[in-house]
There are 2 protein chains.
Amino acid sequence: MANQMDSLFSALADQTRRDVVERLTRGEAPVKELAAPHDMALPSFMKHIDRLEEAGVVSTRKVGRQRIVALTPGAFGPAETWLDRQKQVWEGRLDRLEALARKIEAETNTFPGDDP
Amino acid sequence: MANQMDSLFSALADQTRRDVVERLTRGEAPVKELAAPHDMALPSFMKHIDRLEEAGVVSTRKVGRQRIVALTPGAFGPAETWLDRQKQVWEGRLDRLEALARKIEAETNTFPGDDP
DNA sequence: GCAATAGTTAGCTTAATGGCTAACCAAATG
DNA sequence: CATTTGGTTAGCCATTAAGCTAACTATTGC
């Protein structure tokens with residue numbers, strides 16, 4: 001994956017991984033527990049954890065024979081920022097269009113060339 | 001791609017496609033113009049447009065021999081909503097933890113069993 | 001009407017994804 | 001100490017993604 005944002009968005013582009021994230025917002029948990037609701041072999045499931053970790057969404061530490069997985073605070077920041085910026089530019093453009101529309105409206109309600 | 005959110009997030013998990021989105025926030029454009037900054041064969045580029053369209057991020061219409069591409073208003077809604085909800089639950093949990101911490105703090109500042 | 005332009009269709013290649021099994025290792029438990 | 005438990009490693013498979021070229025179609029402009 002080229003850049004950070006690619007791996008962040010693509011980490012979230014999978015139901016299994018989003019489920020894991022949702023579970024983790026309610027507190028960290030070992031892999032086995034996270035895997036339980038997903039009908040999937042452990043090695044397959046671990047790949048999802050790996051992808052979340054590589055994307056920085058999650059961090060893990062080993063405690064005894066368990067691997068504890070926890071959400072990384074602020075991990076979604078870049079994604080949210082990007083989405084917000086798009087909305088901002090988009091809405092800025094709509095505002096300008098609206099202003100223009102109002103101006104044209106005003107002008108058509110008078111004779112053309114009323115205010116030279 | 002299974003569900004809607006999968007294809008939405010994965011549509012954004014690519015620099016080329018995010019570039020297209022950013023360009024489109026400043027107004028619709030024909031495919032050729034969108035493709036110009038990207039060193040890529042047209043058919044390859046068109047696949048990106050197709051993916052954006054399938055994800056509902058973009059809509060297209062044919063005008064003469066051109067295909068005009070425009071951003072779909074509110075297309076990011078589901079993604080933003082999901083991200084917001086995670087933050088909300090996450091922060092709610094932090095709040096409860098903080099409250100708990102304060103309570104413990106208060107209790108350790110008195111004799112245990114002071115208020116039975 | 002002929003040439004250039006803007007896509008489109010078809011078919012190919014390479015690499016990444018998402019899943020599996022089998023076999024292994026290390027910590028915990030009876 | 002033997003067994004179970006929780007991961008881990010290795011290797012395989014099918015599908016999808018992301019790129020390409022070549023050849024075709026439909027509009028537009030001279």
Side-chain angles (χ1 to χ4, degrees), chain A residues 1-24 27-71 79, chain B residues 1-24 27-71 79:
Chain A
M1 209 79 56
N3 61 68
Q4 175 61 27
M5 211 109 104
D6 282 13
S7 57
L8 176 49
F9 276 119
S10 97
L12 301 177
D14 179 284
Q15 187 63 57
T16 300
R17 292 192 291 263
R18 284 195 305 275
D19 285 351
V20 169
V21 168
E22 290 184 18
R23 165 63 187 78
L24 290 177
E28 59 180 31
V31 170
K32 196 72 191 310
E33 187 185 325
L34 294 171
H38 301 278
D39 185 24
M40 192 182 297
L42 236 214
S44 312
F45 184 78
M46 278 297 296
K47 284 198 198 173
H48 288 296
I49 301 293
D50 289 347
R51 296 215 14 163
L52 286 170
E53 188 164 20
E54 273 152 32
V57 172
V58 121
S59 68
T60 76
R61 69 203 139 92
K62 199 99 197 234
V63 173
R65 69 186 159 182
Q66 305 190 105
R67 177 166 300 277
I68 309 295
V69 186
L71 223 50
Chain B
M1 208 79 53
N3 61 67
Q4 176 60 27
M5 211 110 104
D6 282 13
S7 56
L8 176 49
F9 275 119
S10 96
L12 300 178
D14 179 286
Q15 188 62 58
T16 300
R17 292 192 290 265
R18 285 194 305 276
D19 285 350
V20 169
V21 168
E22 291 185 17
R23 165 64 187 77
L24 289 178
E28 59 181 29
V31 170
K32 196 73 192 308
E33 186 185 324
L34 293 171
H38 302 278
D39 185 24
M40 192 181 295
L42 237 215
S44 313
F45 184 79
M46 278 296 297
K47 284 200 197 170
H48 288 297
I49 302 293
D50 289 347
R51 295 214 17 164
L52 286 170
E53 188 164 21
E54 272 152 33
V57 171
V58 121
S59 68
T60 75
R61 69 203 138 92
K62 198 99 198 232
V63 173
R65 69 186 157 182
Q66 304 189 108
R67 175 164 302 277
I68 309 295
V69 185
L71 224 50

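A, B, ... follow the sequence lines: proteins, then strands. Residue 1 opens every chain.
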When the distance from CZ of A:Arg61 to C1' of D:dG6 is rounded to whole Å, what number comes out?
16 Å

Whole angstrom is fine here: how far is it from CG in B:Asp50 over to C1' in D:dA17?
13 Å

D:dT8 OP1/OP2 closer than 4.0 Å to side-chain N/O of A:Lys62:
yes

Holding to salt bridge (charged side-chain N to carboxylate O under 4.0 Å, His left out), I want the full list of residues that pass it with A:Glu53, two or more places apart in sequence or in another chain.
none

C:dG7, C:dT8, D:dG6: which one has an atom nearest the side-chain heavy atoms of B:Met46?
C:dT8

Let me check the geometry of the helix from C:dG1-D:dC30 to C:dG30-D:dC1. What is the bend angle between the axes at its two ends, five pairs each, to 10°?
20°

What integer distance in Å separates A:Lys32:NZ from D:dG6:P?
4 Å

Value in whole Å for how far the P atom of D:dG7 lies from CD of A:Glu53
13 Å

Filtered N/O pairs between nucleotides 27-30 of chain C and protein, under 3.5 Å:
residue, atom, partner, partner atom, Å
C:dA27, N3, A:Arg65, NH1, 3.2
C:dA28, O4', A:Arg65, NH1, 3.4
C:dA28, O4', A:Arg65, NH2, 3.4

With sequence neighbours left out, write down each residue that passes side chain to side chain donor-acceptor pair (under 3.5 Å) with A:Arg18, or none if nothing qualifies.
A:Gln15, B:Asn3, B:Asp6

Whole-Å distance between D:dA17 P and B:Ile49 CD1?
16 Å

Partner residues of B:Ala36 under the side-chain contact (heavy atoms from CB on, under 4.5 Å) criterion, sequence neighbours left out:
none

State, yes or no, whether a side-chain contact exists between A:Val20 and A:Val57 at a heavy-atom distance under 4.5 Å.
no

Rounded interatomic separation in angstrom, taking CZ from A:Phe9 and C1' from C:dT17:
19 Å

Residue pairs passing the side chain to side chain donor-acceptor pair (under 3.5 Å) test with at least one member in residues 34-48 of chain A, sequence neighbours excluded, are A:Arg17-A:His48

The complete set of salt bridge (charged side-chain N to carboxylate O under 4.0 Å, His left out) pairs with one or both residues in residues 55-67 of chain B, sequence neighbours excluded, reads B:Glu28-B:Arg61

Heavy-atom check, side chain of B:Ile68 versus side chain of B:Thr60, under 4.5 Å:
no

Would you give a per-nucleotide map of nucleotides 18-23 of chain C, 5' to 3', where B means the base has a protein non-hydrogen atom under 4.0 Å away, S means only the sugar-phosphate does, and - means neither?
BBBBB-

Atom-pair distance (CD on B:Gln66; C1' on D:dG29), nearest Å
14 Å

Taking atom P of D:dG6 as reference, at what distance in whole Å does atom CG of A:Leu34 sit?
13 Å

Beyond-backbone contact of A:Thr16 with A:Phe45, side-chain heavy atoms, under 4.5 angstrom
yes

Can you list everything that forms a salt bridge (charged side-chain N to carboxylate O under 4.0 Å, His left out) with A:Arg23? Sequence neighbours excluded, please.
A:Glu33

Minimum heavy-atom separation for B:Ala11 and B:Ala55, please, with both atom names.
CB-CB, 3.7 Å

Establish, from distance only, whether the side-chain atoms of B:Arg51 and B:Ser10 form a donor-acceptor pair under 3.5 Å.
yes

